[in-house]
*Asks:* 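If you scroll down you'll find the structure; I have some questions about it.
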Amino acid sequence: MYRAPVLLSLIAVATLLILTPVNGYRPWPHLKPNSSDLMIGGSKKFEGSSEFVHMRYHMGPVLTASITIHPIWYGRWQKSQKKIIREFINSISAVNAKHPSVAGWWKTVQLYTDQTGSNISRTVGLGEEKNDRFYSHGKSLTRLSIQSVIKSAVTARTKPLPINPKSGLYLLLTSDDVYVQDFCGQVCGFHYFTFPSIVGYTLPYAWVGNSGKLCPGTCAYPFAVPEYMPGLKPLKSPNGDVGVDGMISVIGHEVAELATNPLVNAWYAGQDPVAPVEIADLCEGIYGTGGGGSYMGQLLNDKDGATYNMNGIRRRYLVQWVWNHIVSYCTGPNALDQ
């Protein structure tokens, strides 16, 4: 059996240690001791506001050019599920959508700049996609094997995804029968960048899993509730798919952080670059005015009783707010004073 040199082994161990804590997302803020601990200030406008939170720019690149998102559909996906996610991505730049809109939510992300003063791009579009319906790397993935899945997508013999390190985001979406390392227990999604030693390029990417079968009460809340809270009723999802509707906010969370911190050296709070607190981490669990703790904030309901807080092109979505570093609180398009 071939054994890696000692130095390479140490690098591999260090890589795992670096990968583990970065950018995990869960919709239950009190179950994860992260940014919620920083929300110690009060505000008459929004919970989560705090003059003690210092979101700083660390001079790394941000995505100022037109952003192209390349979905990788790992496992078996229904056409209807793909449509929900595709339309959410296309809604990010749909400025003519009904207020409050996904595009209005993205305006907060656009406030962030690079060292030249250039803002995050307003334009976010759906790029070429890749299907991996036969589970080429199995039904149980590690954080490192996720990078191998991306490598397969960009080096495929037929219709490989384009290589776009500067403004391309690679979004790995795993179906409801695929388990990913730390899924359900610690994270519902995360982002990072690929290693040239594995993929051949440094590419910003995110992974988000469909929790519909594995842990909807953890990762699809509030459209499902944990078993240990039997008295709490789930809310009706806006697109009729609990797992995918739960994924939407996680996708928004990760895309917002990829745009502002693609190489984990740009915008984040805290002193630890290994475990940065990013613009969506600070607002986990906040979806409307007054949100904070276990209260999501004031939301909207359609005529069928489904809960949402913003409009897409033709659909409605429930997406968490993000941190506005100019005013130092979480903001969203459905805020009552907007």
Side-chain angles (χ1 to χ4, degrees), residues 1-25 58-63 65 67-75 114 127-132 134-174 178-183 186-209 251 254-255 257-268 272-276 278:
M1 180 175 65
Y2 175 80
R3 294 184 181 275
V6 173
L7 178 59
L8 291 179
S9 298
L10 290 173
I11 291 174
V13 171
T15 297
L16 288 170
L17 290 174
I18 291 173
L19 274 173
T20 299
V22 174
N23 304 321
Y25 168 83
H58 298 267
M59 305 306 290
V62 300
L63 301 186
I67 300 168
T68 303
I69 297 178
H70 298 285
I72 302 171
W73 306 95
Y74 191 85
D114 65 10
E128 296 177 46
E129 306 175 32
K130 194 67 179 175
N131 291 300
D132 194 336
F134 297 114
Y135 311 90
S136 64
H137 293 264
K139 290 189 176 183
S140 182
L141 303 176
T142 66
R143 290 179 181 245
L144 285 181
S145 66
I146 278 176
Q147 298 207 18
S148 297
V149 175
I150 296 172
K151 177 183 179 180
S152 297
V154 299
T155 61
R157 292 184 179 181
T158 58
K159 298 182 179 180
L161 292 182
I163 305 297
N164 185 0
K166 293 186 177 181
S167 60
L169 301 182
Y170 298 81
L171 181 60
L172 177 59
L173 304 168
T174 51
V178 176
Y179 177 75
V180 174
Q181 180 183 352
D182 298 324
F183 189 24
Q186 295 182 28
V187 298
C188 302
F190 61 78
H191 77 85
Y192 209 63
F193 52 86
T194 62
F195 302 134
S197 59
I198 297 176
V199 180
Y201 306 90
T202 301
L203 305 173
Y205 76 91
W207 157 76
V208 179
I251 291 172
E254 302 303 340
V255 170
E257 293 183 343
L258 274 171
T260 54
N261 198 27
L263 301 182
V264 200
N265 61 358
W267 286 96
Y268 62 88
D272 187 359
V274 174
E278 299 171 289

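The first residue in the sequence is number 1, and the count goes up from there.
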*Asks:* What pairs with S197 under side chain to side chain donor-acceptor pair (under 3.5 Å), at least two apart in sequence or on another chain?
*Replies:*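 S197: no side chain to side chain donor-acceptor pair (under 3.5 Å) contacts found.
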*Asks:* Can you list everything that forms a ring pair (Phe, Tyr, Trp, His ring centres under 6.0 Å) with H137? Sequence neighbours excluded, please.
*Replies:*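 For H137 there are no ring pair (Phe, Tyr, Trp, His ring centres under 6.0 Å) partners, ignoring immediate neighbours.
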*Asks:* Give every residue pair that meets the ring-ring contact (aromatic ring centres under 6.0 Å, His included) criterion with at least one member in residues 154-173, sequence neighbours excluded.
*Replies:*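 Passing the test, one end in residues 154-173: H70-Y170.
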*Asks:* With sequence neighbours excluded, what pairs up with S136 under the side chain to side chain contact (heavy atoms under 4.5 Å, CB included) test?
*Replies:*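 Only Y74, D132 meet the side chain to side chain contact (heavy atoms under 4.5 Å, CB included) criterion with S136.
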*Asks:* When the ring centroid of W207 is compared with that of F183, is the distance short of 6.0 Å?
*Replies:*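 Yes: the rings meet the under 6.0 Å criterion.
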*Asks:* Kindly write out the residues that satisfy side chain to side chain contact (heavy atoms under 4.5 Å, CB included) with D114, not counting sequence neighbours, or none if the list is empty.
*Replies:*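 Testing D114 for side chain to side chain contact (heavy atoms under 4.5 Å, CB included), a comparison that skips the adjacent residues, returns Y57, V62, T64, T116, S118.
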*Asks:* Tell me every residue that passes salt bridge (Lys or Arg N to Asp or Glu O under 4.0 Å) with K139, counting only those two or more places apart in sequence or in another chain.
*Replies:*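 Residues passing salt bridge (Lys or Arg N to Asp or Glu O under 4.0 Å) with K139: D177.
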*Asks:* Excluding sequence neighbours, so at least two apart, what forms side chain to side chain donor-acceptor pair (under 3.5 Å) with T260?
*Replies:*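 T260: no side chain to side chain donor-acceptor pair (under 3.5 Å) contacts found.
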*Asks:* With sequence neighbours left out, write down each residue that passes side chain to side chain contact (heavy atoms under 4.5 Å, CB included) with A156, or none if nothing qualifies.
*Replies:*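 In terms of side chain to side chain contact (heavy atoms under 4.5 Å, CB included), with neighbours along the sequence ignored, A156 is linked to K130, P160.
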*Asks:* Could you list the residues that satisfy side chain to side chain donor-acceptor pair (under 3.5 Å) with N265, not counting sequence neighbours?
*Replies:*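 Scan of N265 (side chain to side chain donor-acceptor pair (under 3.5 Å), adjacent residues dropped) gives none.
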*Asks:* Taking T194 for its side chain and Y201 for its backbone only, find out whether a donor-acceptor pair lies under 3.5 Å.
*Replies:*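 Checked: pair present.
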*Asks:* Counting N and O atoms only, with roles assigned by atom type, does the side chain of N261 sit under 3.5 Å from a partner on the main chain of A266, one being a donor and the other an acceptor?
*Replies:*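 Yes: the side chain of N261 pairs with the backbone of A266.
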*Asks:* As a quick check of understanding, evaluate ring-ring contact (aromatic ring centres under 6.0 Å, His included) for H191 and Y205, giving each step before the final call.
*Replies:* CA-CA 6 Å; H191 77 85; Y205 76 91; 8.4 Å; no
*Asks:* Got a sec, which residues hit side chain to side chain contact (heavy atoms under 4.5 Å, CB included) with P165, two or more places apart in sequence or on another chain?
*Replies:*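 If we apply the side chain to side chain contact (heavy atoms under 4.5 Å, CB included) test to P165, skipping adjacent residues, the hits are I163, L203.
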*Asks:* Let me see the working for I146 and V180 under side-chain contact (heavy atoms from CB on, under 4.5 Å), right down to the final yes or no.
*Replies:* CA-CA 9 Å; I146 278 176; V180 174; 3.7 Å; yes
*Asks:* Going by side chain to side chain donor-acceptor pair (under 3.5 Å), name the residues that satisfy it together with T142, two or more places apart in sequence or in a different chain.
*Replies:*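 With sequence neighbours excluded, T142 shows a side chain to side chain donor-acceptor pair (under 3.5 Å) to S145, given in chain and number order.
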